[in-house]
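Below is one structure, written out as structure tokens; the observations come after it.
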Amino acid sequence: MRTIPRVSRKPRVLFLCTANACRSQMAEGWLRHLAGRRLESLSAGTHPTQLHPRVVSVMAEVGIDVARQTSDPLEAYLEDPPDLVIAVCSAAAARCTSLPGRIPLLSWPFEDPADVRGSELEVLRAFRAVRDAIGERLRAWLVAGCPGLPRDVPPR
């Protein structure tokens, strides 16, 4: 198992979902975009697959490039753990009720847009709705001072 090395000493926030294909990837891109250099944004899955191509296209619509993001397993981050984990699906939150080293875990469940069936327009609407909901939640979280992030690692 490869370990994902720490890139910086900034507070690290890891977004977790099951496949690390949609919601956690969107959240990683959004936080990187919104927080700039204050926080390091990461994502992982309990059972990672690959970045969903519709995520790349709907994030590009709002000016965020996620095309180079990778789908990684949670275990890759546990040797050098993040400062906060935010589970963006209820299944991942239920599976990770306790993390090693007392890593704080927040649960922000969003519907999985990859589960939506219908016309291309209906599927794209679902991806856009989740994208926008995640962006709004992260904006509010940043404005509120990043609740849940341990006090000894404040965003710079």
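The residues of the chain are indexed from 1 along the displayed sequence. These numbers were taken from a predicted model, which means no experiment stands behind them.
- The side-chain heavy atoms of Pro73 and Pro48, taken from C-beta on, include a pair separated by under 4.5 Å.
- Under a 3.5 Å cut-off, the side chain of Gln25 and the backbone N or O of Thr70 do form a donor-acceptor pair.
- In this structure, Arg12 contributes its side chain and Glu40 its backbone to no donor-acceptor pair below 3.5 Å.
- Counting only heavy atoms from C-beta outward, the side chains of Phe15 and Leu42 never approach each other to under 4.5 Å.
- Nearest heavy atom pair, residue Ser24 against residue Ala44, reads OG-O, 3.9 Å.
- By the 4.5 Å heavy-atom criterion applied to side chains, Ile103 and Leu84 are not counted as neighbours.
- Minimum interatomic distance between Pro113 and Val130 (heavy atoms only, all atoms of both residues): CD-CG2, 4.0 Å.
- Between Thr18 and Cys89 the shortest side-chain heavy-atom distance falls below 4.5 Å.
- Listed for the Ser43 side chain is no donor-acceptor partner under 3.5 Å among the backbone atoms of Ala27.
- Both tests pass for Arg139 against the ring of Trp30: distance under 6.0 Å to the centre and angle within 45° of the axis.
- Here the side chains of Arg32 and Val66 are not in contact, with every heavy-atom distance at 4.5 Å or above.
- Minimum interatomic distance between Pro109 and Ser90 (heavy atoms only, all atoms of both residues): CB-N, 3.9 Å.
- Salt bridge annotation for Glu61-Arg131: present, with a cationic side-chain nitrogen under 4.0 angstrom from a carboxylate oxygen.
- Rounding to the nearest 0.5 angstrom, the gap separating the CD atom in Glu28 from the CZ atom in Arg23 is 15.0 Å.
- Interatomic distance, Ile86 CD1 to Arg137 CZ, rounded to the nearest 0.5 Å: 8.0 Å.
- Put simply, the side chain of Val13 does not reach to within 4.5 Å of the side chain of Val85, judged on heavy atoms.
- With rounding to the nearest 0.5 angstrom, the OG atom of Ser57 is 9.0 Å from the NE2 atom of His52.
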> Going through the checks in order, is the side chain to side chain contact (heavy atoms under 4.5 Å, CB included) test met by Leu74 and Leu16?
Replying inline: CA-CA 8 Å; Leu74 174 60; Leu16 180 67; 4.1 Å; yes
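- Ser41 and Leu31 make their closest contact through OG-CB, 3.5 Å (heavy atoms, listed as atom of the first residue, atom of the second, distance).
- Of all heavy-atom pairs spanning Lys10 and Asp83, the tightest one is O-OD2, 4.1 Å.
- Side-chain contact between Val116 and Glu111 is absent, with no heavy-atom pair separated by less than 4.5 Å.
- Smallest separation of non-hydrogen atoms from Cys17 and Val88: CB-CG2, 3.8 Å.
- Taking 4.5 Å as the limit, some side-chain heavy atom of Leu106 sits within range of a side-chain heavy atom of Trp141.
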> Which is it for Met26 and Phe127 under the side chain to side chain contact (heavy atoms under 4.5 Å, CB included) test, yes or no, and what are the steps along the way?
Replying inline: CA-CA 10 Å; Met26 289 180 191; Phe127 273 83; 3.7 Å; yes
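- Judged by distance alone, with hydrogens and angles left aside, the side-chain atoms of Asn20 form a donor-acceptor pair with the main-chain N or O of Asp72 at under 3.5 Å.
- Ion pair Glu120/Arg54 flagged as a salt bridge, since at least one NZ, NE, NH1 or NH2 atom sits closer than 4.0 Å to an Asp/Glu carboxylate oxygen.
- Going from atom OH of Tyr77 over to atom CG of Leu14 covers 6.0 Å, rounded to the nearest 0.5 Å.
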